[in-house]
Asker: 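Dropping the structure in here first, questions after.
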Amino acid sequence: SGASWFGSGTTGTVTAPDRAILQWNSGTFNIATGETFSFLVPSGGAVLNKVGNSTATDNAVLNGTLSSTGRVFVLANGTISVGNGAQINTAGGLFLSTVPEQSDFTFTTTGSLGYNGGDAKGNITIGGGATSVAVVGSIGAWGNVVTVNNVSVSGDMIVNMGTAASANQALSVAGPGGNTTIAGNLT
């Protein structure tokens, strides 16, 4: 994909061309508390992080800081967790999905996902602790069940719970950790 990685201590930087697709090995898309991952893509660009594959389920964990000069997509075939105190700052938004993609074609041609590969495979949790998750920019979540608790979003938030089983569940944006604030639109 033409991407490169440089890491030292608790900081890692991925430099990638627009519409790069990164396949993460099992357990490696894990941004721990105190760690920072930066994605450097061309202005207006996007990068797709594929977590897990067709034969092995894997989870994506974001408890530290994620920043980007463009849009960041995280596509996992397990669960996605954005933990207590995580910091997100992207120029184009962070998009989390557990909905299977039939191929990479849509992303490589449009820089977005199709979200049409069937039922979501896992749940997405954003926040939930005493320390707020801070999102500078926008965030989107497409999962089986999406839980949002104690999150501050400076842009828009899009949530889609994507299975027949979750169709009758209501989205909750408050909980024991605190209320969620969204400066933009909630869709």
Side-chain angles (χ1 to χ4, degrees), residues 1-7 12-31 37-62 66-82 86 88-126 135 137-148 155-167 169 171 185 187:
S1 69
S4 65
W5 163 266
F6 175 78
T13 301
V14 174
T15 302
D18 183 25
R19 301 179 190 171
I21 299 173
L22 310 175
Q23 178 67 55
W24 293 84
N25 292 330
S26 181
T28 58
F29 196 90
N30 183 346
I31 305 172
F37 273 30
S38 298
F39 293 91
L40 303 178
V41 297
S43 178
V47 61
L48 171 59
N49 296 276
K50 294 176 80 173
V51 180
N53 56 48
S54 60
T55 59
T57 300
D58 199 8
N59 303 318
V61 179
L62 197 168
L66 182 146
S67 65
S68 177
T69 56
R71 292 170 299 174
V72 176
F73 292 81
V74 178
L75 176 62
N77 64 1
T79 63
I80 299 175
S81 172
V82 179
I88 300 161
N89 187 344
T90 63
L94 174 64
F95 303 92
L96 311 170
S97 178
T98 63
V99 176
E101 291 291 312
Q102 298 303 314
S103 74
D104 295 334
F105 179 78
T106 299
F107 186 80
T108 58
T109 57
T110 68
S112 189
L113 297 176
Y115 306 109
N116 58 6
D119 283 350
K121 298 299 180 190
N123 297 337
I124 298 175
T125 303
I126 306 170
V135 179
S138 297
I139 187 168
W142 288 258
N144 181 28
V145 174
V146 178
T147 305
V148 180
D156 297 334
M157 179 174 234
I158 301 169
V159 176
N160 187 331
M161 293 192 283
T163 67
S166 62
Q169 294 190 14
L171 171 66
N185 297 307
T187 305

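Given the structure is predicted, the values throughout are model-derived calculations rather than measurements. When reading the values below, keep in mind they use all heavy atoms of this one structure, side chains included, and skip hydrogens, waters and symmetry mates.
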Asker: So how far is it from Asn89 CG to Leu94 CG, rounded to the nearest 0.5 Å?
Answerer: 11.0 Å
Asker: Closest heavy-atom contact between Asn77 and Asp58?
Answerer: OD1-N, 2.9 Å
Asker: Applying ring pair (Phe, Tyr, Trp, His ring centres under 6.0 Å) between Phe73 and each of Phe95, Phe39, Phe29, Trp142, report the one that passes.
Answerer: Phe95
Asker: Salt bridge (charged side-chain N to carboxylate O under 4.0 Å, His left out) with Asp18: which residues, sequence neighbours excluded?
Answerer: none
Asker: How close do Ala46 and Val41 get, counting heavy atoms only, and between which atoms?
Answerer: N-CG2, 4.2 Å
Asker: Is the backbone of Thr109 close enough, under 3.5 Å, to the side chain of Arg19 for a donor and an acceptor to pair up by distance?
Answerer: yes
Asker: Could you grab the distance from atom CD1 of Ile139 to atom CD1 of Ile158, nearest 0.5 Å is fine?
Answerer: 10.5 Å
Asker: Tell me whether Asn59 contacts the main-chain N or O of Thr79 through its side chain, where contact means a donor paired with an acceptor under 3.5 Å.
Answerer: yes
Asker: Would you confirm whether Glu101, through its side chain, and Gly114, through its main-chain N or O, come within 3.5 Å as a donor-acceptor pair?
Answerer: yes
Asker: Is the ring pair Trp24/Phe37 parallel, tilted or perpendicular, if the boundaries are 30 and 60 degrees?
Answerer: parallel
Asker: Of all the heavy-atom pairs spanning Gly78 and Thr57, show the shortest one and how long it is.
Answerer: CA-CG2, 3.6 Å
Asker: For the backbone of Ile21 and the side chain of Asn49, can you confirm whether one donor and one acceptor N or O come within less than 3.5 Å of each other?
Answerer: no
Asker: Between Ile126 and Ala141, which heavy-atom pair has the shortest distance, and what is it?
Answerer: CD1-CB, 4.2 Å
Asker: I'd like to know if the side chain of Thr90 and the backbone of Ser67 have a donor-acceptor N/O pair within less than 3.5 Å.
Answerer: no
Asker: Under 3.5 Å, side chain of Asn123 to main-chain N/O of Val145, donor-acceptor pair present?
Answerer: yes
